[in-house]
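Read through the structure below, which is laid out as structure tokens, and then see the notes.
Counting starts at 1 for both ligands and their atoms, following the listed order.
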Amino acid sequence: MKIAMVGSGYVGLVSGACFADFGHEVVCIDKDPSKIERLNAGVMPIYEPGLAELVAGNVKAGRLSFTTDLAEGIAGASAIFIAVGTPSRRGDGHADLSFVYAVAEEVGASLSNDAVIVTKSTVPVGTGDEVERILTAAAPKHRFAVASNPEFLREGAAISDFKRPDRIVIGTDDEWARGVMNEVYRPLFLNKAPILMTSRRSSELIKYAANAFLAVKITFINEMADLCEKVGADVQDVSRGIGMDGRIGSKFLHAGPGYGGSCFPKDTLALLKTAEDYEAPTRIVEAVVKVNEARKRAMGRKVIDALGGMEAARGKKVALLGLTFKPNTDDMRDSPSIAIAMALADAGVQVSAYDPEGMELAAPMMPDVTMCNSAYAAIEGADATVIVTEWDAFRALDFERVKALMNAPVLVDLRNVYEPAEMRAKGFAYTGVGRG
Ligand code: UDX
């Protein structure tokens, strides 16, 4: 089967490479000629473990190719995926659908065979209806249907998430389109991946509801962490204790500096917008958005407290370990490190930092921060070291060396990587999250 993937960003590229790996013939299309040029030369536009190898292998096998020419790319494809960005619209947080609609126009104008048009981009409820309207208005001479097929890929684990999904959601009432989508995902059925066939609107909402629910879960445990600090409890144990209840589940209950990334912040805002438009307010999600935003900057205050308060902090030096919103990505979007670095700079603290993959993108976002070429270089002369992102490289630091390099042995562990008692035994003033 031939599949076209319009948009070769994170989702399009990972999905396209994985579909090719299933044995389909895949063409990834993108408007950006430099991106396509680089992809043709084997250079990945993003950092994702295993992606470069997967792309190279499938290009070599002749199943995966890249083009800027949409009409040529979609010719002969039975499924045409729209996987372009839906960033937050400036001003109101609504998802900006202009890229999705532009693709729909172009596909409508160049459709040269029967095809199912599938929105993989995260799009608000009703977008599929609009895509269908645009396609109908273009009056293509061929049969088409519009389906929704949201992605649930986590950055850093996207390939395994694609190949071993918890579920595949397909939204369309059209029997023919369901058949085509079954073909697209057939290789996964062999692994017994659960597939949920539903209406297009339900499918669109499932994506937002899933991300919002996960954001709620994280924010819930973050607030419990604050309470733990006040009452003298340990959030790690509270998390374990509630997570063992099968109804709650243990995942996404790790307290930290607040969620960031390309999805949760933008998707929660877009869900609020939809809820407002349809006059069905989602107050829980409203609270989550506010609490998470405030939390990021509050983490800066936590560091300042560890330095002895505002007065004492001025002129001191802090090392940030990890800048990306989570490990195994170079993505800096809405990373808590940005608000933390800003809060520290505002308090007159000098900040140095190290991140294994994120510094190139981080540097222009935090001009006052000195980027260093190793964790130990960042730590040198610091009055406090802060673990912001739990990269594996920070899980086994040589604390004798760290102590010798630092001006004062103060460790703020925003990901609870280390055991408080052990760190205190090593001579560190240790602050975690929710470890009262
Ligand atoms: C998320 C969803 O998991 C994925 O299904 C969706 O398609 C896209 O959005 P991603 O943004 O890659 O994926 O990251 P994820 O691993 O979900 O983490 C999001 C944020 O939550 C990170 O900032 C992470 O540090 C934070 N987080 C996650 C916590 O603070 N605690 C947790 O227990 C889990």
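Residue-to-ligand polar distances keep Cys263 apart from ligand 1: every N/O pair is separated by 3.5 Å or more. Of the N or O atoms in Phe264, none lie within a sub-3.5 Å distance of an N or O in ligand 1. Considering backbone and side-chain atoms together, Glu155 places an N or O closer than 3.5 Å to an N or O of ligand 1.
A donor-acceptor contact shorter than 3.5 Å links the side chain of Arg295 to the backbone of Gly256.
When only non-hydrogen protein atoms are considered, atom 3 (O) of ligand 1 lies nearest to Arg154 CG, 3.3 Å. The nearest protein atom to atom 26 (C) of ligand 1, hydrogens excluded, is given as Ile218 CD1, 3.9 Å; this is a heavy-atom distance. Looking at atom 22 (C) of ligand 1, its nearest protein heavy atom turns out to be Phe325 CD1, 3.5 Å. Among all protein heavy atoms, the one lying closest to atom 15 (P) of ligand 1 is Lys326 NZ, 3.6 Å. Scanning the protein for heavy atoms near atom 32 (C) of ligand 1, the closest one is His254 O, 3.7 Å. Looking only at heavy atoms of the protein, atom 17 (O) of ligand 1 is closest to Phe252 CZ, 3.2 Å. The closest protein non-hydrogen atom to atom 5 (O) of ligand 1 is Phe152 O, 3.1 Å.
Neither the backbone nor the side chain of Ile221 comes within 4.0 Å of ligand 1, counting heavy atoms alone. Contacts with ligand 1 closer than 4.0 Å are made by heavy atoms of both the backbone and the side chain of Glu151.
Close placement of the Phe19 and Tyr185 rings is indicated, their centers lying within 6.0 Å of each other. In this structure, the ring of Tyr430 has its center no less than 6.0 angstrom from the ring center of Tyr418.
Residue contacts with ligand 1 include Arg415, since one of its heavy atoms falls under 4.0 Å from the ligand. For Gly256, the closest heavy-atom approach to ligand 1 does not fall below 4.0 Å. Under a 4.0 angstrom heavy-atom cut-off, Glu390 registers as lying outside contact with ligand 1. Assignment of Gly260 to the shell around ligand 1 is supported, since a heavy atom sits closer than 4.0 Å.
The minimum heavy-atom distance linking Val146 with Arg200 is given by the pair O-NH1, 2.9 Å.
Screening Leu64, Ile3, Leu39 against Cys28 for a side chain to side chain contact (heavy atoms under 4.5 Å, CB included) leaves a single residue, Leu64. The one candidate from Thr122, Asn149, Thr119 that meets the side-chain hydrogen bond (donor to acceptor under 3.5 Å, both in side chains) condition with Lys207 is Thr122.
With contacts defined as side-chain heavy-atom distances shorter than 4.5 Å, the pair Thr324/Glu155 does not qualify. Contact check for Ile338 versus Lys296: no side-chain heavy atoms found under the 4.5 Å cut-off.
Evaluated by nearest non-hydrogen atom to atom 7 (O) of ligand 1, the leading choice among Leu153, Leu414, Thr219 is Leu153.
A cation-pi geometry, defined here as NZ or CZ lying under 6.0 Å from the six-membered ring centre and within 45° of its normal, does not hold between Arg333 and Phe325.
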Under the criterion salt bridge (Lys or Arg N to Asp or Glu O under 4.0 Å), I'd like the reasoning laid out for Glu183 against Arg178: C-alpha separation, chi angles, the key distance, then a yes or no. CA-CA 9 Å; Glu183 259 327 290; Arg178 286 186 172 191; over 6 Å; no

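From Leu361, atom CG reaches atom CE of Met365 across 6.5 Å, with rounding to the nearest 0.5 Å.
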